[in-house]
Structures are given as C-alpha cells and as structure tokens.
Amino acid sequence: MTDYYQLLGVARDASAADIKKAYRQVALKFHPDRNEGSKESEERFKEVTRAYEVLRDPDQRSVYDRYGEEGLARAAGGAQGFGFSDPLEVFMRDFGGFGGLGDLFGGQGRRGHGPERGQSLKVRLRLTLAEVVKGAKRTLKVQALDVCGRCTGSGAEPGTDANTCATCGGTGEEQVVQRSVFGQLVSVQPCRACRGQGQVIDNPCKYCHGEGRERGESEVEVEIPPGVSSENYITLRGRGNAGPRGGSRGDLLVLLEVEDDPRFVRDGGELLYELPVTVGQAALGDEIEVPTVDGVARLRVPAGTQNGELLRLRGQGLPELGTARRGDQVVRVVVWVPDRLSPDQESIYRQLKTVEDPAPERIADADRGGFWSRVKEAFRAG
Ligand SMILES: [Zn+2]
Ligand SMILES: [Zn+2]
C-alpha cells in the first residue's frame, strides 16, 4: 500500500503549504509534458496527484490519517474510490497559469448531464531567451471545433427541434439492474438512447450530422509576459473546442518552451556566462565586449583578475515573472593560456619568467561563488 506522505516526500504533520510545494516538485518531475509519453512517468504523475488531492483537503486527509485508502473508498461509498479529477487538470488548476489565474478547472467539477463542455486543446509555443526578457506577442493558428454554422450548434436541421428523450424522459440517466450472487444491483448510468443528453434529434443537421460542431481554424493572439520559463502555461479560456450540441467551449492551453541559448545557463533570473581572457588581459585589466541575452555590454575586467573569478553585469539577466526586476548576468572569467607561441611571444614570456613573482602555494577556492555547482544544478533542473 502506498503511503501518500512518502509519495510526496513530506512529514505526516506537514502543513498545507509544504504539501503543495512538495507536490509541485514531484509532479513537475513526472509531468507528461516533460516525459514524452513515458507510461511509467504518467503512472507516477497520477499517483502523486492522487496523494496530493487527498492531503490538500483537510477532511479527506483526516479520513486517510485514520483509516488509510480503504477509509477513503468507504467514505465515497463505492469500491472505485472517490471522484478523482483528471491529474493533469489538478496540476493545471493549482499551477497552470500565472499566479492567481491558475485556477483553470477550479470549481468546475464533474458535470452531470446536459451539453458537454468542449475539450481543452494544447499548443506548444517556442520562445527564445531574448523573448523572455521583453515578453512577446504571438499569433497562433489554432485548429479547433467550432459551432456548426448551419444549425448554430443545436445539431438539429434548421426549422426543427430536438425532442425530449423517450427512454429517459429527459433526465439523461437510466437505471441498470444487474443480478449477482448478492442480489440485485442497481446503478445509474448515462442514458444510452440519448448519450446522457436528455434530448434526441430526429432530423439531424445535414452539415454536422447532429454534432453541432464543424472543423475550423482561427487565429489567436497570445501575450507572453516577461520572465516566463518552460514550466509556465498560459490559459486562454473558451478558445478550445466547442462542446457538442451547444456545449460550452473548452480552453486553449499554451505550453511554453523556452529554447536553450548555448551561450548561457539560466539560473532563475540570473544568466551564467563564461568569458575566456588572455593572461595579459587578466594581469593588466581590460574592457571587453560581452554578449548579453539581448545585445552586448562592456565589462571591465580589473587588473589582477584570477581564473574563475565572478564578475557581474547588473540587470543584464532575465526578469522575474510578474516584476520589473531583472537579474544579473554572472560572468566567470577563465584565463586562457596560449598553447603555441610565436618566436616573439616566446622571448617575451621567457623574459617575463625571469622577473615575475613565484605563484602562491595555493589559490583560494577556484569555484568562487559556487559557480559550477550552480551551473550543474541548473542543468539538472533542466
Ligand atoms: Zn450542424
Ligand atoms: Zn435519454
């Protein structure tokens, strides 16, 4: 039996905030969008989401604490367990958009019968690091199901109406009786005659055959705020598929993918950059042009700069999402030693060698400011 607390890696007395934080971390690791179709990741994603759904709800959590998973199933009054929302929807609901806009599926719950809501669609949008700095406006071509123009979504031929389903009397439900060794089992299922709609169409629309929808293509403007990362989504409400027979539209989810810029390693709002300099530049100091994410900047390398030293280009990093603050570009100086010398250079180096001071026995921590550990961490976080 899986332990929900263990799945999320939190203590049994963890606060709601800790649980949410822990879930976000593990869920991101197993998120289907980051694990190209891996069945195992998907299973893990479902598992941790289920654990999160239980532990985030004080009532369910207390039932779980006392009686475990079985207790939850009993409380829900069915062997199949409690109504478990689609794990992806749970994730999107709590972390989907930006800040407070993320409650995409919140409060919507499972529908009963009546017109079905259209599916939400996902599109991927690639951005460069430079676009992350300023934000971007893009026009997306979206292929979605639109409301049928002929029947305006009703599914019935113009001039005719849908009729109340005779099988279920319009409730959209039917009772199914099954005999078993325990006696009769009665369950309620969506009506098969009307597919749970409560209505039947005797004269289906000739264009959409009663679907109430047709294929369409439209252009959608998306505005991407500065400072996004590949973990962010933008939710455009009501821009997904139209629902069948007049159902409301689903949403359009724009999944952001920030392209790597091989020159930089991103660490939150900071960009890490490695700058090779010559021995002469390091010893005498120099002013060097350094590429930034959206241009070039001049960097003063002071005389006596050591290999591995960190310099900062203030405000040349990436903006923080939702603020105007921009991080720094952290420049790690790498002193390059020539591996081939012209006769002139060699004679100068020989002369220098006779007059230069000996190197100290030890040079203080070469990994100044933890540069490499941060680079490695940034790579791991991917
Ligand atoms: Zn139609
Ligand atoms: Zn029916």
Side-chain angles (χ1 to χ4, degrees), residues 73 76-89 92 104-123 139-222 235-254:
Q80 82 276 33
F82 71 111
F84 178 46
S85 341
D86 182 345
L88 213 54
E89 294 184 358
M92 304 287 296
L104 164 57
F105 297 92
Q108 199 164 274
R110 289 272 149 208
R111 0 154 246 277
H113 45 85
E116 223 172 287
R117 184 173 188 251
Q119 263 176 330
S120 289
L121 300 174
K122 286 191 222 170
V123 287
T139 305
L140 301 174
K141 271 214 165 63
V142 179
Q143 296 186 322
L145 293 171
D146 290 329
V147 173
C148 171
R150 182 178 171 83
C151 65
T152 60
S154 72
E157 256 303 90
T160 71
D161 279 323
N163 297 316
T164 303
C165 171
T167 309
C168 64
T171 63
E173 292 174 345
E174 66 176 316
Q175 291 196 343
V176 178
V177 182
Q178 286 173 307
R179 254 176 241 290
S180 81
V181 287
F182 303 110
Q184 276 194 346
L185 289 174
V186 181
S187 61
V188 176
Q189 290 181 357
C191 170
R192 277 169 296 184
C194 63
R195 291 196 292 160
Q197 303 284 317
Q199 295 196 315
V200 284
I201 295 164
D202 295 324
N203 291 306
C205 164
K206 289 202 173 74
Y207 187 72
C208 66
H209 308 289
E211 251 302 283
R213 305 186 286 184
E214 60 179 321
R215 298 203 165 278
E217 192 180 76
S218 58
E219 291 192 340
V220 178
E221 296 255 317
V222 207
T235 304
L236 300 172
R237 285 176 195 273
R239 302 307 294 260
N241 279 345
R245 276 165 309 257
S248 61
R249 289 194 89 111
D251 298 322
L252 180 65
L253 313 176
V254 184

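As the structure lists them, so they are numbered: ligands from 1, and atoms in each ligand from 1.
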Fill in: Gln143 side, atom CD; Leu121 side, atom CG - distance, nearest 0.5 Å
10.0 Å

Solution key, residues 187-196 side-chain donor-acceptor pairs under 3.5 Å, sequence neighbours excluded:
residue: Arg192; atom: NE; partner: Glu174; partner atom: OE2; Å: 2.9
residue: Arg192; atom: NH2; partner: Glu174; partner atom: OE1; Å: 3.4

Discussion item. Quick check: closest heavy atoms across Thr152 and Val147, and the distance to 0.1 Å?
Written reply: C-CG1, 3.5 Å

Worksheet item: Taking all atoms of both residues into account, what is the closest heavy-atom pair of Val200 and Thr164, and its distance?
Response: CG2-O, 4.3 Å

Worksheet, complete the sentence: Ignoring waters, protein N/O/S atoms under 2.8 Å from the Zn ion (ligand 2) are Cys165 SG, Cys168 SG, Cys191 SG, Cys194 SG

Item to complete: Answer whether the closest heavy-atom distance between the side chains of Arg117 and Asp251 falls below 4.5 Å.
Response: yes

Worksheet item: Among Glu217, Arg213, Arg215, Arg249, which residue meets the side chain to side chain contact (heavy atoms under 4.5 Å, CB included) test with Asp146?
Response: Arg249

Validation: residues 201-209 side-chain donor-acceptor distances under 3.5 Å, sequence neighbours left out:
residue: Asp202; atom: OD2; partner: Asn163; partner atom: ND2; Å: 2.4

Worksheet entry | Heavy-atom pair of closest approach, residues Glu116 and Pro244 | O-CD, 3.6 Å

Item to complete: Only protein N/O/S atoms count here: give how many lie under 2.8 Å from the Zn ion (ligand 1).
Response: 4

Discussion item. Ignoring hydrogens, what is the shortest heavy-atom contact between Leu145 and Asn241? Give both atom names and the distance.
Written reply: N-OD1, 2.8 Å

